[in-house]
Amino acid sequence: MSHTTVSGDPAARALSWIATRGVELRPWNELADVAPDPVDHPVLYLVEPGVEPPRCHECEDWIRLPLDVGELHARADRLIAWSREAGALYTRVDEDDVLRVGDEMAVLSQLEARLLRTLIDSMGMLVLRADLIDAVWPDGPPSDPRALDNRVKSVRGRLVGLPLRIHTIHGRGLILERVRAADL
């Protein structure tokens, strides 16, 4: 997300900190939908001045621009507490190939990042092996037929202690699942 509407260094630092704690930041302006789609992780909408704010669900909140840093932290803290209680953690691989699950993180290789981005995009659903190979190796499949299995093994190692599990559906593909912290 662009921070072009955020003025002042303290606000930019606060937004950066909040993003690393597992809250998704989304701009909300006159082009936004009247009612956002429900989400399963904490979202904080940054509402442009003079624009009607969104109707928020339990894991969402909004704040009007320009930002009041104290209010920003208070709203983010509420969302973070809710997400921990509900096990609804914002899961993504950032542009630096770092997996972020709530406020936890794991550094990934470029291939691992491609694999996890694909699985996260289809969280809880089967992703076919062929689709995974295409996503991880866009220039063509590797010569080693076990290359995908080796990447999956390496990613599973990086997920130790994180509330995510990869399930193999033999001969078909993979499913990425969120698990509750108590089940780790």
Side-chain angles (χ1 to χ4, degrees), residues 1-108 112-114 116-125 155 158-166 176-184:
M1 112 150 230
S2 169
H3 297 296
T4 56
T5 58
V6 178
S7 62
D9 203 40
R13 281 196 310 270
L15 288 170
S16 178
W17 178 84
I18 289 164
T20 64
R21 305 296 294 167
V23 175
E24 180 182 3
L25 300 168
R26 290 187 186 173
W28 189 263
N29 56 39
E30 68 276 354
L31 303 176
D33 293 328
V34 174
D37 292 332
V39 294
D40 63 353
H41 61 273
V43 175
L44 183 62
Y45 297 97
L46 307 175
V47 180
E48 295 284 342
V51 173
E52 185 72 23
R55 290 188 197 105
C56 293
H57 301 92
E58 185 176 26
C59 60
E60 301 169 305
D61 202 351
W62 62 271
I63 187 168
R64 185 145 332 257
L65 298 173
L67 296 174
D68 174 297
V69 175
E71 183 182 1
L72 177 64
H73 278 288
R75 289 176 185 250
D77 286 344
R78 185 192 67 76
L79 288 171
I80 291 165
W82 175 87
S83 69
R84 284 190 180 134
E85 253 181 59
L89 302 172
Y90 183 33
T91 303
R92 69 204 183 284
V93 176
D94 69 19
E95 62 278 356
D96 295 319
D97 297 337
V98 175
L99 170 65
R100 297 187 181 274
V101 183
D103 59 358
E104 302 286 327
M105 66 178 210
V107 178
L108 306 171
E112 292 166 343
R114 288 181 191 155
L116 268 175
R117 280 186 187 106
T118 304
L119 290 171
I120 289 168
D121 287 346
S122 298
M123 182 75 75
M125 299 185 305
V155 167
R158 302 221 191 262
L159 295 181
V160 170
L162 296 176
L164 296 173
R165 293 290 174 270
I166 297 175
L176 182 65
E177 172 193 37
R178 283 190 183 99
V179 295
R180 295 186 77 53
D183 298 332
L184 290 177

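Counting from 1, the numbers follow the sequence of the chain as shown. Please read these numbers as outputs of a predicted model, since none were measured by experiment.
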What's the verdict on side-chain contact (heavy atoms from CB on, under 4.5 Å) for Leu46 and Ile63, showing C-alpha distance, side-chain angles and the deciding distance?
CA-CA 5 Å; Leu46 307 175; Ile63 187 168; 3.7 Å; yes
Let me confirm one number: the CG-CZ distance from Leu99 to Arg158, rounded to the nearest 0.5 Å.
10.5 Å
Residue Met123 excluded, over 12 heavy atoms near CE under 6.0 Å:
yes
Tell me the closest heavy-atom pair linking Asp40 and Arg178, and the distance in Å.
OD2-NH1, 2.9 Å
Return the minimal non-hydrogen interatomic distance between Ala19 and Leu25, and the atom names on each side.
CB-CD1, 4.2 Å
Relative to each other, are the rings of Trp17 and His73 parallel, tilted or perpendicular (30° and 60° limits)?
tilted
Taking Val98's backbone N and O only, do any of them form a donor-acceptor pair with Asp96's side chain (distance below 3.5 Å, no angle check)?
no
Go through the structure and list residues passing salt bridge (charged side-chain N to carboxylate O under 4.0 Å, His left out) with Arg117, not counting sequence neighbours.
Asp97
Hey, what do you get for CG (Asp77) to CG (Asp61), rounding to the nearest 0.5 Å?
11.5 Å
In this structure, OG of Ser83 is separated from CD of Glu24 (nearest 0.5 Å) by 12.5 Å
Check the pair Thr20 / Arg100 against side-chain contact (heavy atoms from CB on, under 4.5 Å), numbers first and verdict last.
CA-CA 8 Å; Thr20 64; Arg100 297 187 181 274; 4.2 Å; yes
For Val101 against Pro163, the heavy-atom pair lying closest together
CG1-CG, 3.6 Å
Thr118 side chain to Arg114 main-chain N or O, any donor-acceptor pair under 3.5 Å?
yes
In Å, rounded to the nearest 0.5 Å, how long is the span from OH of Tyr90 to CG of Leu44?
12.0 Å
If I compare all heavy atoms of Leu72 with all of Ala14, which pair ends up nearest, and what's the gap?
CD2-CB, 3.6 Å
Between CG on residue Leu116 and CG on residue Asp121, distance to nearest 0.5 Å
10.5 Å
Kindly indicate whether the side chain of Leu67, heavy atoms from C-beta on, has any atom under 4.5 Å from the side chain of Leu15.
yes
Quick one: do Leu162 and Thr91 satisfy side-chain contact (heavy atoms from CB on, under 4.5 Å)? Show the steps, please.
CA-CA 11 Å; Leu162 296 176; Thr91 303; over 6 Å; no
Quick one: does any side-chain atom of Trp28 pair with a main-chain N or O of Glu52 as donor and acceptor, under 3.5 Å?
yes
Flag this pair as yes if the NZ/CZ of Arg26 is under 6.0 angstrom from the six-membered ring centre of Trp62 and inside a 45 degree cone about the axis; otherwise no.
no
Please report the shortest heavy-atom distance between Asn29 and Glu48, naming the atom on each side.
CB-CG, 3.4 Å
Where Ala113 and Leu108 come nearest, the two heavy atoms and their spacing:
CA-CD1, 3.8 Å
Pairwise distance NE2(His41) to CG(Leu79) - rounded to 0.5 angstrom
10.5 Å
Arg84/Asp103 under side-chain contact (heavy atoms from CB on, under 4.5 Å): CA gap, chis, key distance, verdict:
CA-CA 10 Å; Arg84 284 190 180 134; Asp103 59 358; 2.4 Å; yes
Kindly indicate whether the side chain of Val43, heavy atoms from C-beta on, has any atom under 4.5 Å from the side chain of Cys56.
no
Sub-3.5 Å donor-acceptor pair from the side chain of Arg75 to the main-chain atoms of Glu60, do we have one?
no
So do Glu104 and Leu89 actually touch side chain to side chain, heavy atoms under 4.5 Å?
no
